[in-house]
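For reference, the structure discussed in these notes is given below.
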Protein chains: 2
Amino acid sequence: MSAVKEEGTEHRILEAAQRVFTRKGMAGARMQEVADEAGINKALLHYYFRDKQRLFEGVFKGGAEKQFGCIWDSLKGREHLFEAIEAFVAAYIDRMVENPQLPLFIANELNRDPEGLRAFIDRGMESRQLFLKLVADARERGEIIDIDPRELLVNIMAMCAHPFIARPMITHIHGITDEAFRRMIIKRRKTVPEFIIRSIRA
Amino acid sequence: MSAVKEEGTEHRILEAAQRVFTRKGMAGARMQEVADEAGINKALLHYYFRDKQRLFEGVFKGGAEKQFGCIWDSLKGREHLFEAIEAFVAAYIDRMVENPQLPLFIANELNRDPEGLRAFIDRGMESRQLFLKLVADARERGEIIDIDPRELLVNIMAMCAHPFIARPMITHIHGITDEAFRRMIIKRRKTVPEFIIRSIRA
DNA sequence: CGCAATATCAACCATTTGGTTAAACCAATT
DNA sequence: AATTGGTTTAACCAAATGGTTGATATTGCG
């Protein structure tokens with residue numbers, strides 16, 4: 001039994017599929033390419049995941065949903081808004097560094113089929129409530145200015161996700177290498193929370 | 001001659017193609033669907049635009065490139081950073097309101113083929129230089145804190161573009177209607193510059 | 001071992017899809 | 001009216017693609 005097989009075919013398929021799907025999107029991904037990347041036969045793909053749609057869902061559940069759940073969870077147990085923002089941004093960026101293609105992939109598939117992926121979004125609902133409460137508390141204590149908390153959340157997520165979505169544009173327009181881009185991202189774990197907090201502090 | 005024909009077949013094809021391409025992406029778009037949407041035969045598509053790639057380029061040049069050029073141009077002639085930021089954000093959001101699917105489409109195609117679309121990005125280079133200069137000037141006058149201007153530009157673009165890219169996620173997680181989303185966007189023409197300027201003002 | 005269940009594969013099939021062809025249409029010109 | 005040029009169409013084609021089948025390994029177990 002080869003070392004490759006030991007890893008478990010199903011898991012290997014999911015990893016390959018995630019790479020291909022995030023690279024090419026649902027429409028652009030080819031079953032043959034997934035099979036090749038997993039080092040197996042195309043028929044075996046349909047043996048484990050009946051069709052493309054189910055394979056896609058498998059990838060989405062195992063990858064995207066878990067990653068984003070992780071990000072939302074970083075808010076849990078926080079008692080102060082600023083601390084929560086720092087944790088959220090750090091978690092967001094760390095997850096994106098692990099899988100830089102993810103945000104664009106998710107944005108795409110959410111646009112393609114907004115209804116079908118409700119469950120994915122719902123996982124963040126709980127943490128969203130907590131975030132709103134932290135904002136309200138901070139506002140009451142006079143620590144921050146009056147700001148629409150929903151807009152604040154949009155801004156935070158925008159600054160975390162967008163560099164990964166617009167990466168080719170950013171690297172090219174600023175004439176920086178991939179390595180410099182990586183350094184910029186790492187720096188943003190600190191600068192983004194600073195940027196946000198400076199903007200809302202009373 | 002019917003009123004429809006009067007508009008010019010080529011132009012009508014481009015409009016239809018832009019709708020289909022931005023809705024489905026390059027890989028997901030079907031030539032037949034473009035033909036249907038333009039109310040013409042599929043063969044006629046190939047008569048005007050030899051193949052899918054050329055049709056895509058036609059759409060990109062006529063749509064995306066023009067739109068983004070417009071945004072960059074809003075910086076021209078500005079003398080003060082804050083004023084420039086206000087103009088840039090307003091132009092960015094206005095263009096996106098006109099064509100909400102555009103940022104996701106561009107992000108996708110730029111990722112798919114970073115090399116092939118250099119010309120598109122290059123159009124912004126001139127304005128980018130101006131932006132850097134405005135930041136340096138403001139810094140010298142002590143009006144703003146010390147901040148990496150490239151990161152600032154990333155943040156600005158992130159806050160402008162991301163709501164359109166993550167729209168399904170935002171509307172669902174905040175439980176708002178399309179109309180409420182539209183209002184939020186309009187409001188952001190003011191709140192985003194405020195947010196940014198508050199954050200960088202010395 | 002022998003046998004049943006699971007896993008894997010090569011070859012195949014039906015449909016979709018980008019692209020072509022040859023003929024018809026139509027408006028202007030001779 | 002006949003010619004000519006650009007425009008439009010229906011029918012067609014080859015390649016790509018998602019999915020199936022039936023046979024062949026491989027594994028676990030009595």
Side-chain angles (χ1 to χ4, degrees), chain A residues 1-63 105 108-109 112-113 116-117, chain B residues 1-63 105 108-109 112-113 116-117:
Chain A
M1 199 185 274
S2 80
V4 185
K5 277 180 186 170
E6 289 283 87
E7 266 192 55
T9 309
E10 182 163 347
H11 184 249
R12 204 146 38 85
I13 291 177
L14 278 173
E15 296 227 312
Q18 190 179 82
R19 282 195 296 275
V20 176
F21 274 126
T22 52
R23 219 163 42 217
K24 306 281 181 76
M26 171 68 165
R30 300 287 156 236
M31 294 298 270
Q32 185 62 58
E33 196 179 345
V34 175
D36 291 347
E37 187 121 353
I40 57 158
N41 187 285
K42 188 158 64 84
L44 201 54
L45 223 53
H46 290 91
Y47 176 73
Y48 280 96
F49 301 86
R50 211 165 309 162
D51 52 36
K52 199 181 182 184
Q53 183 60 33
R54 282 162 218 255
L55 176 60
F56 170 79
E57 278 158 22
V59 168
F60 205 86
K61 291 235 157 26
F105 171 67
N108 262 315
E109 304 314 325
R112 205 176 48 91
D113 178 15
L117 302 165
Chain B
M1 200 184 273
S2 78
V4 185
K5 276 180 186 169
E6 289 282 86
E7 267 191 53
T9 308
E10 182 164 346
H11 184 249
R12 207 146 36 85
I13 290 177
L14 279 173
E15 296 228 310
Q18 190 179 84
R19 281 194 298 274
V20 175
F21 274 126
T22 52
R23 219 163 44 216
K24 306 282 181 76
M26 170 69 164
R30 300 288 156 238
M31 295 297 270
Q32 186 60 59
E33 195 179 343
V34 175
D36 290 347
E37 187 122 351
I40 55 155
N41 187 285
K42 188 159 63 86
L44 201 55
L45 222 55
H46 290 91
Y47 175 72
Y48 280 95
F49 299 87
R50 211 165 310 162
D51 52 36
K52 200 181 180 184
Q53 182 60 32
R54 282 163 218 255
L55 176 57
F56 170 79
E57 277 159 22
V59 167
F60 204 86
K61 290 234 157 30
F105 171 68
N108 262 316
E109 303 314 325
R112 207 176 46 89
D113 178 15
L117 302 164

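What you see below is based on every heavy atom in this structure, not just the backbone, and it leaves out hydrogens, waters and symmetry mates. Within every chain, numbering begins at 1; the chains are lettered A, B, ... in the order of the sequence lines, protein sequences first and strands thereafter. Computed from a predicted structure; not experimentally measured.
Salt-bridge check for E37(A) with R23(A): passed, with a basic side-chain N closer than 4.0 Å to an acidic carboxylate O.
Within the nucleic acid shown, F49(A) has no heavy atom closer than 4.0 Å to any nucleic acid atom. Across all strands, A29(B) comes closer than 4.0 Å only to sugar-phosphate atoms, never to a base (heavy-atom distances).
In terms of the side-chain contact (heavy atoms from CB on, under 4.5 Å) criterion, residue partners of R50(A) (sequence neighbours excluded) are, by chain and number, R54(A).
Taking atom CE of M26(B) as the reference point, atom C1' of dG18(C) lies 11 Å away to the nearest angstrom. In this structure, CG of L45(A) is placed 15 Å from P of dT17(D), rounded to the nearest angstrom. Rounded to whole Å, atom P of dG18(D) lies 14 Å from atom CG of N41(A). Atom CD1 in I13(A) sits roughly 11 Å away from atom P in dA7(C) (whole-Å rounding). Q53(A) has its CD atom 13 Å from the P atom of dG18(D), to the nearest Å. For the pair E10(B) CD and dT8(D) P, the interatomic distance rounds to 11 Å; values are reported in whole Å. As a whole-Å value, the separation of R54(B) CZ from dT20(C) P is 10 Å. Taking atom CZ of R50(B) as the reference point, atom P of dT21(C) lies 13 Å away to the nearest angstrom.
Listed candidates were dG18(C), dG19(D), dA10(C). Nearest to the side chain of H46(A) is dG19(D). When each of dT6(C), dT8(D), dG19(C) is scored by its nearest atom to the side-chain atoms of Y47(A), the top-ranked nucleotide is dT6(C). In the set dG19(C), dG18(D), dT8(C), the nucleotide with an atom closest to the side chain of L44(A) is dT8(C). When distances are taken from the side chain of D51(A) to each of dC9(C), dG18(C), dG19(D), the shortest belongs to dG19(D).
Scanning both residues, V34(A) and I13(A), for their nearest heavy atoms gives CG1-O, 4.4 Å.
A cation-pi arrangement is present between R112(B) and F56(B) under the rule of less than 6.0 angstrom and at most 45 degrees off the ring axis. Judged by the 6.0 Å and 45° rule, R30(A) forms no cation-pi pair with F21(A).
Phosphate contact (OP1/OP2 of dA7(C), side-chain N/O of T9(A), threshold under 4.0 Å): absent. Contact between the side-chain N/O atoms of R30(B) and the OP1/OP2 oxygens of dG18(C) is found at a separation under 4.0 Å.
In the interface, the side chain of K42(B) is paired with the base of dG19(C) through a donor and an acceptor atom under 3.5 Å apart.
Taking for each of M31(A) and A43(A) the nucleotide of DNA chain D with the nearest heavy atom, the 5'-most of the two is the partner of M31(A).
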